[in-house]
Amino acid sequence: MAEQVSVFIENKPGRLNAITALLRERGIDIRAMTIADHRDYGVVKLLVSDPHAARSVLTDHGFAAALKPILATAIEDQPGGLHGLLEILAENQINVLDAYGFVVEPRHWAVWCMEVADPVETARLVTAQGFRVLDDSDLYRV
Amino acid sequence: MSVPVWSPAIEFMEREALERLQLAKLRETVAWALKTPFYQSRLHEIGLKHPEDIGSLRDLRKLPYTTKDDLRRAYPRGLLALDLERAIRLHTSSGTTGMPTVIYHSRHDIDHWTELVARCIVATGATAHDVFQNMTSYGLFTGGLGLHYGAERVGMLVIPASSGNTNRQLQLMRHFQTTVVHATPSYLLHLQASLAGEGIDRGQLALRKAFIGAEPHSEQTRRKIEELLEIDAYNSYGLSEMNGPGVAFECVYKTGLHLWEDAFILEVIDPRTLQALPEGETGEIVMTTLQRQATPLLRYRTRDLSHLISGNCPCGRTHRRLARIKGRSDDMLIINGVNVFPSQIEDVLMKTPEVGTNYLIQLDKRGSLDRLVVKAEIRAKLFTGDPDTLDDLRERIGELLRSVILVKPVVELHEPGSLPVSEGKAKRVVDLRPAF
């Protein structure tokens, strides 16, 4: 299962930049990024080429950073591509806590990332329906 | 546990004998005081002209209090009781207001102060076999030289490292296998946090004890220091007006600070009414020197708040114990009419494992109301990555603070290492309210 790096930052100029500077130094590629904004602070969620290296470089520089399993699923980049996946979740009463996506090859395929309560069980369900769940090495290659 | 002790005859002296000694020494002190211009006029005003006018220890209550302002007004010679040629050292304190105060010491004064510090050191179980690194500032600040002299008298190997320069402190600790240090609690936490960054493993250090003082701190802060550094930390209490360190110290049992009653008479008063409080109640500590020739002080109002702990310590010392200092009567914050001590806020934060060791208390105005902002750093190790747990944490701290201080604060969470760290006395309170 893929892992997402979550980083605590204060909501003020220059903090996001401090993170991207460290990742650049280490040659870590960012696949996707979102920010959960809670007014005076936020949690930056990063999908990167090497999550463990990203976490170490961030914590070594004083950041509070944690790794968390994330369900990254390959979907077709065409109308209904995401819907097919979400339908499985709806049928199984699975709540999506947070989600984001990115296109890998336009009109061909994309990756949809979700935080769910039980990522292992959800991965089993969607795999059974023919979806491909990506792990860190898959994401490293895209 | 066998109780290590430096001066058994004094430290285990029966109360009755101790009080007889106090009375004799109080008369000597009044004799010294009558030689200073300041006390001459003060004591003559109340009709006290001879030391023999002090008939019992109770007569102490007839004497006027001495305040920090009195010391400022008497600067530089008004409280000097002997010829300058007999004084061998002075320590001044600039204070935050800029008006200095001064305490002179004769050879006897320095010698006796040194004895007091030696008693404190030995009471914690430290011995001549220890390597002692003194991480407090040398010079006019009494913490450096005070502990230095005491540690030498005990026979420890003393490293006069002074304060700051964390990299060098750690180097000295490794090269000389320091076993005991003296520092402020905030500096020890800073030192601990620096270990990883300096590439030092706890196993490379021989540290086993720390004397912590010069800064009021909570029991939680002590425990945090003990757990993070895997040492025993002993609370030290002193103030420059009462020499400096060596006034009161914890023994191996860590059940409060033994105050050396052959050297000081202790009173606890209500800072508003100035009346003595019953034993055990919290109030302002008032002290009278009993062993100081050059600058005797009668009923000095320390502005430190604490209480006496009743009952006997298992160590058997007869000198009574002070509870840790709760704060200062002058650092009490009044927030929308409610009295709040910064130490209460620190207590709550240090009990919360998810927050780190640095914090800041900020007061400002929103309209006509005071607003309390408590800024805390989150602890990197316990960060889960989930933003909701941060909101819960913030709410939990806010609720806990409200139940303790009765003021609802705004709690802000900050990144580890983002709040200012002070290597000396940490400045934790910023009051931005306009002065009237």
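Just so we're on the same page: letters track the sequence lines, and every chain starts at 1.
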To the nearest 0.5 Å, atom CG of A:D98 lies from atom CG of B:D388 at 9.5 Å

Any side-chain heavy atom of B:D386 within less than 4.5 Å of one from A:K68? yes

With a 4.5 angstrom heavy-atom cut-off, which part of A:F8 approaches chain B: side chain, backbone, both or neither? both

Just so I know, are the side chains of A:V43 and B:F383 near enough to count as touching, which here means a heavy-atom distance under 4.5 Å? yes

Evaluate salt bridge (Lys or Arg N to Asp or Glu O under 4.0 Å) for B:R394 paired with A:D40, printing each intermediate quantity in order. CA-CA 12 Å; B:R394 178 154 68 172; A:D40 51 334; 2.8 Å; yes

Choice from A:R15, A:Q4, A:K45 maximising heavy atom contacts with chain B below 4.5 Å: A:R15

Using a 4.5 Å cut-off on heavy atoms from C-beta on, say whether the side chain of B:E415 contacts that of A:I9. yes

Can you confirm whether more than 12 heavy atoms, excluding those of B:E395, are under 6.0 Å from its CD atom? no

Counting only heavy atoms not in A:R26, do more than 12 sit closer than 6.0 Å to its CZ atom? no

Apply side-chain contact (heavy atoms from CB on, under 4.5 Å) to residues A:H38 and B:D391 and explain how you reach the verdict. CA-CA 8 Å; A:H38 286 237; B:D391 290 344; 2.6 Å; yes

Work out which heavy atom in B:L413 is nearest to a heavy atom in A:E10; give both atom names and the distance. O-CG, 4.2 Å

Assert top hit (heavy-atom pairs under 4.5 Å, partner chain A, pool B:S418, B:G385, B:A196) equals B:G385

Should we count CZ of A:R24 as having more than 12 external heavy atoms under 6.0 Å? no

Residue A:V7 versus chain B: region with a heavy atom under 4.5 Å: backbone

Chain B interface, residue from A:G42, A:G62, A:S6, A:A64 that has the most non-hydrogen pairs under 4.5 Å: A:A64

Between B:L382 and chain A, with a heavy-atom cut-off of 4.5 Å, which part of the residue counts as in contact: side chain, backbone, both or neither? neither

Shortest non-hydrogen contact from A:F63 to B:A380? O-CB, 3.9 Å

